[in-house]
Amino acid sequence: MLPEMRYIENELLPMLREKAPRFQSNAQKQLAQWKGQKGICSLLLSVSHVPETALLPDYDLYEIHYDPEKMFVKELKNALTTAMAEGDAVPSVRANVGCGALCTLYGGLSQSFFSDKMPWLLKHLTLEQLEELTVENLEESPEFKAGLDQMRFMKEMLEGTGIEIYPMDLQGPIDMAHLLMGDEFFYALYDDPDLVHKVLELSLAAEIYGMEKCFEIIAPRDYVCHYNNLVLPADKPLKISEDTSTLLCENHLLEYMKPYTERLLSHFNGGYIHYCGDNKHLLQLVPTLSHNIGLNFGNPERHDPKMVLDMLAEKGLYYYGAFPQLSTIETAKLSLRDDGHFNCFITASCRMEEQDRFIEEFNHSIF
């Protein structure tokens with residue numbers, strides 16, 4: 001047992017169990033906002049300089065993949081920045097196994113691990129291997145099994161604390177096809193569309209299988225946590241990354257991205273879309289996707305906040321995150337719709353000793 005586990009079990013976890021009712025209350029507030037209740041603007045606040053985190057080591061991204069306790073300590077340390085905040089966020093942790101973990105369900109693929117960056121697939125399947133693969137080849141890899149075991153360990157450790165487990169990283173079918181094929185994916189869009197569709201079918205099957213396994217462990221009642229602050233309704237539990245989709249033209253988005261992402265969303269009844277980068281065709285497409293409930297940018301500085309919030313509001317959708325061009329208060333005011341509801345879940349951070357003043361100023365300016 002790691003020496004800090006005693007401190008966690010004897011001091012941190014009892015303190016967090018006392019805070020659990022507040023996390024549940026925060027979750028219900030967020031769910032009410034998702035349902036369009038008027039006058040609710042959830043401020044997903046995190047704080048810095050949390051004294052408790054100083055007593056926890058900062059394990060690197062390599063070593064956590066080989067020790068469930070180290071993975072737990074690193075995730076809990078991050079969650080404390082939300083757990084000790086007085087905003088409307090809900091702290092959560094995950095098995096941070098990398099975006100390629102679900103790819104390892106096929107063909108003996110394995111990720112490479114690094115101390116200073118997330119895991120990555122440095123080797124891909126050849127076109128010949130992909131031609132021979134079928135959905136029946138899907139099987140649980142050691143990497144994926146380790147992720148499930150880490151989820152179970154975290155859930156057992158955090159029982160009663162109100163800190164929830166959220167799913168492994170979910171890439172959209174386009175992103176997963178890119179991971180499986182490497183950059184051959186972009187040539188195949190033109191040279192071998194049938195193969196691209198086949199790989200997208202394989203990706204979709206692996207994503208559905210992987211997420212179902214995650215939700216079996218999470219066993220959500222009425223919400224699923226995401227990214228150490230947000231909650232989603234349990235019946236719309238997905239976050240789907242569409243980073244590679246930002247590199248596609250409009251025709252390829254319509255032919256390859258739209259149908260498979262919609263099938264993934266439909267299988268789980270809904271979720272929201274994330275992507276880094278900027279693609280005007282993707283931006284126009286995302287609000288039209290069936291079962292999509294929201295949007296999050298990895299590069300919000302590249303987008304017009306008013307245009308984005310207005311566009312989402314037309315479809316009854318929500319934005320999750322901050323816009324660096326705007327203050328927290330400006331973002332909240334811009335997200336207020338004519339009918340009195342807010343269509344943005346706003347993330348913000350401040351120093352721990354400043355949070356009371358921060359929240360008071362926010363509430364005074366908005367309400």
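Side chains are part of it too, since the values below use all heavy atoms of this structure and drop only hydrogens, waters and symmetry mates.
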Open item on the list: How about NZ on K315, more than 12 heavy atoms from neighbouring residues, nucleotides or ligands closer than 6.0 Å, or not?
Closed with: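 No, because the 6.0 Å sphere around NZ of K315 holds 12 heavy atoms or fewer from other groups.
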
TODO: Assess whether atom CD of E353 is packed by more than 12 heavy atoms of other residues, nucleotides or ligands within 6.0 Å.
DONE: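 Enclosed: over 12 neighbouring heavy atoms sit under 6.0 Å from CD of E353.
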
Task: Within the 6.0 Å centroid threshold, strictly below: Y318 and F345 - done: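 Close enough - the centres of the two rings lie under 6.0 Å apart.
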
Open item on the list: Quick check on the 6.0 Å ring-centre criterion: do F186 and H178 meet it?
Closed with: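 Under 6.0 Å, so yes.
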
Enter the distance from [X]:[atom1] to [Y]:[atom2] here, rounded to the nearest 0.5 Å.
X: M168; Y: L148; atom1: CE; atom2: CG; value: 4.0 Å
X: M151; Y: I217; atom1: CE; atom2: CD1; value: 4.5 Å
X: F185; Y: L127; atom1: CZ; atom2: CG; value: 12.5 Å
X: M257; Y: S245; atom1: CE; atom2: OG; value: 4.5 Å
X: S290; Y: N269; atom1: OG; atom2: CG; value: 11.5 Å
X: M154; Y: M71; atom1: CE; atom2: CE; value: 5.5 Å

Task: S42 and Q30: CA distance, side-chain angles, deciding distance, side-chain hydrogen bond (donor to acceptor under 3.5 Å, both in side chains) verdict - done: CA-CA 6 Å; S42 297; Q30 289 192 44; 5.4 Å; no

TODO: Sort out for me which residue in L230, N228, V231 forms a side chain to side chain contact (heavy atoms under 4.5 Å, CB included) with L44.
DONE: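 The option that passes is L230.
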
TODO: Check each of N296, I240, L283 against Y275 using the side chain to side chain contact (heavy atoms under 4.5 Å, CB included) test, and report the only one that passes.
DONE: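 Only one of N296, I240, L283 forms a side chain to side chain contact (heavy atoms under 4.5 Å, CB included) with Y275, namely L283.
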
Open item on the list: Taking side-chain hydrogen bond (donor to acceptor under 3.5 Å, both in side chains) as the definition, give me every residue that meets it alongside N26, ordered by chain and number, with sequence neighbours left out.
Closed with: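 Applying side-chain hydrogen bond (donor to acceptor under 3.5 Å, both in side chains) to N26 gives none.
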
Any idea which heavy atoms bring [X] and [Y] closest together, and the distance?
X: H124; Y: Q129; result: O-OE1, 4.3 Å
X: A95; Y: Q150; result: CB-OE1, 3.8 Å
X: R263; Y: E201; result: NH1-OE2, 2.9 Å
X: N343; Y: A313; result: ND2-N, 3.6 Å
X: L248; Y: N279; result: O-ND2, 2.9 Å
X: C225; Y: E164; result: SG-CB, 3.6 Å

- [ ] List, by chain and then residue number, the residues other than Y187 in its hydrophobic cluster (Ile/Leu/Val/Met/Phe/Trp/Tyr, side-chain heavy atoms under 4.5 Å); write none if there are no others.
- [x]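 Answer for Y187: none, a lone residue.
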
Task: Members sharing L336's hydrophobic cluster (side chains within less than 4.5 Å) - done: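 Reading the cluster by chain and number, L336 sits alongside L43, L45, I329, F342, I346, F358, I359, F362, I366, F367.
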
Open item on the list: Does any part of the side chain of Y272, heavy atoms only, come nearer than 4.5 Å to the side chain of L317, both counted from C-beta?
Closed with: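 No, every pair of side-chain atoms sits at 4.5 Å or beyond.
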
Task: Shared hydrophobic cluster, M5 / Y66 (ILVMFWY, side-chain heavy atoms < 4.5 Å) - done: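 No; Y66 is not reachable from M5 via cluster members.
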
Distance only, no hydrogens: is a donor on one side chain within 3.5 Å (strictly under) of an acceptor on the other, for [X] and [Y]?
X: E139; Y: Y106; value: no
X: D222; Y: Q28; value: yes
X: Y227; Y: K239; value: yes
X: T331; Y: K333; value: no
X: E143; Y: T104; value: no

Presence of salt bridge, [Y] and [X], under 4.0 angstrom:
X: K38; Y: D339; value: no
X: K70; Y: E63; value: yes
X: R357; Y: E361; value: yes
X: D60; Y: K74; value: no
X: E262; Y: K258; value: yes

Just to verify, what does [X] make a ring pair (Phe, Tyr, Trp, His ring centres under 6.0 Å) with, not counting sequence neighbours?
X: F114; answer: none
X: Y190; answer: H252
X: H197; answer: Y256, Y260

TODO: Spell out, as yes or no, whether a donor-acceptor pair under 3.5 Å connects the side chain of Q171 to the backbone of L179.
DONE: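 Flag not set: sc Q171 to bb L179 has no pair under 3.5 Å.
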
- [ ] Return yes if some donor-acceptor pair links the side-chain N/O of D192 with the main-chain N/O of A188 below 3.5 Å, else return no.
- [x]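 No, D192 side chain to A188 backbone: no donor-acceptor pair under 3.5 Å.
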
